[in-house]
Amino acid sequence: MSIIETHNLTKTYGRIEALKGVSLRVEKGQIYGLLGQNGAGKTTLIKILLGLVRLTEGAATLLGQPAGTVGVRRRVGYLPEDHQFPHYHTAYSLMDFYGSLYGVPASVRRRKIPETLELVGIAGRMHSKIKTYSKGMKQRLGIAQALMHDPELIILDEPTDGVDPMGRKEIRELMATLKQSGHTIFLNSHLLGEVEMICDRVAILQRGQLVREGTIAELTQQKGLYVLRLAEGQSFPVEAVTQRGYTVRSLAEPPGAVEIAMSDGQTIDPVIQLLVERGLSLRHLVEQKQTLEDVFMKTVEAAEPGVDRQRRRGAARPVGGGN
Amino acid sequence: MQSFFAILKDSFREAVDGFVIYVMLGLSSVVILVVASMSFMPAEPGPALEAIVQRFSLTFPDKGRSRVISASFENRYAATEVKPEGDGYRLRLKVTANGSRANEPDKPPQGDSFRRTVAAWLKQPGRTVKMSDLAGKQQQSGPGGSGSPPPEIEFSLNQEATLDEQRAVTNADMEEFLRHQFAIHAGLTATVQRLPADEPQYEFDVTTSGGSAVRGWPHTMKMFFGTVTVSEDVNLGTVLWIIEDQIINGVGGAVALLIGLIITAFFIPNMLRKGSIDLLLCKPIGRAQLLIYKYIGGLTFVFLITSFTVGGIWLAIGLRSGHWDLRFLAVIPLLTFTFAIVYAVSTLVAVVTRSPIAAMIVSIGFMLFLYIVGQVKTIFDRLRLEERSDTMPAWVFTLVDALNNWLPRYKDLDKLTSKLIADGTLTEAERRTFGLASIEYPSWESTIAVTLAFIALMLALACVRMVRRDY
């Protein structure tokens, strides 16, 4: 049974199509990242899963049950983007309030609240009013409230927003710990570096459509691009390699290195053979990989060139969509 | 139930976060303290009973069953030889009537003002005149309940009794009349026995029970812990009625409703704010359930504030006067119920607009509208009663009746609450002279049923909107 499964999920707000037939599957124990530009439909997708927004067409299930039902929500923890906690609460009283809504017994709440707040690093201020907290502290509290009832699925919308680098590292470690203990995490973040570091699988949404999906390795793999460097004092046989149909480009860093690009069907082996035949000594050979950011930018640009510029000019955003 | 109590607690926490609640509690505490500073010292039995019998000039025909007030100032009443007896007092009541001539032995009575008063008391009122006619039909503010038009009081004019009727008055009739006068003017239970005396002089042996612990007993009232004497001859019940109905239920109730509305108008819009609502709707609780719980949270807040104020006043009155009337405590649920009407409107507006200002303006406006409908209905009812309905087109009456029938009974609840308080404080004579007995009171059943139906409708609309909306 998949933890999250959507099939041809569609959501329209009047004439605006926020989601266009999104189908994805998240398995138990995964950290699944959802990427996309502002307005791509990420938050709409999450809100449909939680029942905050009604879907127009398609189907969505969480933990084997229809998305958004009361029974499902009991088993899910959620940190919304741009959340606003009631200012009259302290961290403790807020956790107590939300814990009550989740049906956590009072005795368990008394034990779990300090534990969970300790986990996110704000236990020392748990009796202070939330209005005195920094943005990072509020974010940590947001994560804590999503965890306190020990949910099977944790949905985090921009969990590291406003958190300092040290705090981000702690949150990443926390997510890794949660994963190890069998939790499934569905993560929506703009910080591609972080997503790359912690996610098992990633989906990229663009204008409501799922344009790419796969593991980090699958997405960042780049076939046919190698960086190569010879021993000091030896020069690379650019002409001979080019004559064999390869594209060679000198790199400034590291000194003396070249980048070799191959066409479809070519391998690096003939180049290495040539170097051996000429008695040249190979010191560095690495298959070039791209970052998730590279993948994201290429994917977005390929799907719809210039979308960001259009959005900045004031294109309509769907109601309820914070993405 | 855990969710329910969690939301109640959350609403209360939200309410006590602002300063307005503390201002309100402070004002309530001041009022309670002022009432607690009052002292009520019963007058000595002699002067007290003398003051009570002076009220006997006002009578109510048809053995007290008529609402018409009759006044006869020709008889002089005097309470003498007052002595404690049992749990009450024994006294001799002397009535000096105005008679044209003295009676002759073994001849029928010649008639006098006392026999005429008793004979008139025994029968239906004669020609009457209305207070509005006496006042040149000018509308005046009266004690009929918070700013409402004055109740229509009728007076009996030159109530006459023939000589035969006067002669027919027996000793038992006189004794019954006086027993009734003690009861209606002071709340005293009395046994009365006529003693021999030459008419137009009358003497009666009277034994009362209950001592000074009756609402019509004159009291010396002081404020600020005895430092200021307000009155040396005031009925305890009258003062309590002014405090409970005019000050607490009237002015205090209006202030509580207004401030309650201002504070609670923020509850639902705050809950529905972007960023807040997501945190609640992702919890395992239904949307309608969440909204209703939040609504009840607002009501609970007003209930607690009202309980604090009314309960405090009740306690202060009880401790300082010995008058422990549970009916006054009915103001707590009734005021909360009144608040429930306007808060239901506030909730609907809040769900539709998500604006606390809109919720406040519309609900306060609606409260005023209901008040105006209630006032207009009272005036129109009177026009009908006086058979002056031809002064207005028939459709106007139909419209006012329809509005009153279908809208929540805000004004009727106020009337019924005032009646409860008056029944618990004023003497029967005071209720009639204040015109409270002349008011046509609506039924509890219809008032509550129509009001509940309206509240249910508002909440149902709000729930439908909340459930169907994407957040």
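The figures here come from the full heavy-atom set of this structure, side chains too, leaving out hydrogens, waters and symmetry mates. Naming convention: chains lettered A, B, ... in sequence-line order (proteins, then strands); numbering from 1 in each chain.
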Exercise. Does B/Lys283 reach the side chain of A/His149, with side-chain heavy atoms less than 4.5 Å apart?
Worked result: no
Exercise. So with a 6.0 Å cut-off around CZ of B/Phe4, is the heavy-atom count from everything else above 12?
Worked result: yes
Exercise. Where is the tightest heavy-atom contact between A/Val53 and B/Asp470, given as atom of each residue plus distance?
Worked result: CA-OD1, 3.5 Å
For this session: Taking all heavy atoms of A/Ser100 and all of B/Ala6, pick out the closest pair and write down the distance.
Result: CB-CB, 3.4 Å
Problem set entry | SG on B/Cys282 to CG on A/Leu79, rounded to 0.5 Å | 9.5 Å
For this session: Select one option (side chain, backbone, both, neither) describing which atoms of B/Leu290 are under 4.5 Å from chain A's heavy atoms.
Result: neither
Problem set entry | Close side-chain approach of B/Glu14 to A/Pro86, heavy-atom, < 4.5 Å | no
Exercise. How long is the gap from CD1 on B/Ile285 to CG on A/Leu101, to the nearest 0.5 Å?
Worked result: 5.5 Å
For this session: Count the heavy-atom pairs under 4.5 Å between each of B/Ile7, B/Ile277, B/Val16 and chain A, then report the option with the highest count.
Result: B/Ile7
Exercise. What part of B/Arg273 is in contact with chain A, defined as an atom under 4.5 angstrom from a non-hydrogen atom: side chain, backbone, both or neither?
Worked result: side chain
Exercise. Non-hydrogen atoms of chain A under 4.5 Å away: do they reach the side chain of B/Arg469, the backbone, both or neither?
Worked result: backbone
Problem set entry | Beyond-backbone contact of B/Asp17 with A/Lys131, side-chain heavy atoms, under 4.5 angstrom | yes
Problem set entry | Atom group of B/Lys9 that falls short of 4.5 Å from chain A, counting heavy atoms | side chain
Exercise. Given the rule in the side chain to side chain contact (heavy atoms under 4.5 Å, CB included) test, do A/Tyr98 and B/Asp10 qualify, once you have shown the distances and angles that lead to the verdict?
Worked result: CA-CA 10 Å; A/Tyr98 288 164; B/Asp10 180 63; over 6 Å; no
Problem set entry | Between CG on residue A/Leu94 and CZ on residue B/Arg13, distance to nearest 0.5 Å | 9.5 Å
Exercise. Does the side chain to side chain contact (heavy atoms under 4.5 Å, CB included) test come out yes or no for B/Leu279 and A/Tyr78, once each step is laid out?
Worked result: CA-CA 8 Å; B/Leu279 286 161; A/Tyr78 173 49; over 6 Å; no
Exercise. Hey, does the side chain of A/Gln84 reach the backbone of B/Asn270 with a donor-acceptor pair shorter than 3.5 angstrom?
Worked result: no
Exercise. Any idea which of A/Pro105, A/Gly103, A/Gly77, A/Ala106 has the most non-hydrogen atom pairs under 4.5 angstrom with chain B?
Worked result: A/Gly103
Seminar exercise, completed: On a heavy-atom basis, the closest approach of B/Gly286 and A/Arg73 is N-NH2, 4.4 Å
Exercise. Between B/Asp278 and A/His83, is any side-chain donor less than 3.5 angstrom from a side-chain acceptor?
Worked result: no
For this session: Return yes when atom CD of B/Gln289 has more than 12 non-hydrogen atoms of other residues, nucleotides or ligands closer than 6.0 Å, and no otherwise.
Result: yes
Problem set entry | Heavy-atom closest pair, residues A/Tyr102 and B/Pro284 | CD2-CD, 3.3 Å
For this session: Please say whether more than 12 non-hydrogen atoms of neighbouring residues, nucleotides or ligands are located less than 6.0 Å from CZ in A/Phe85.
Result: yes
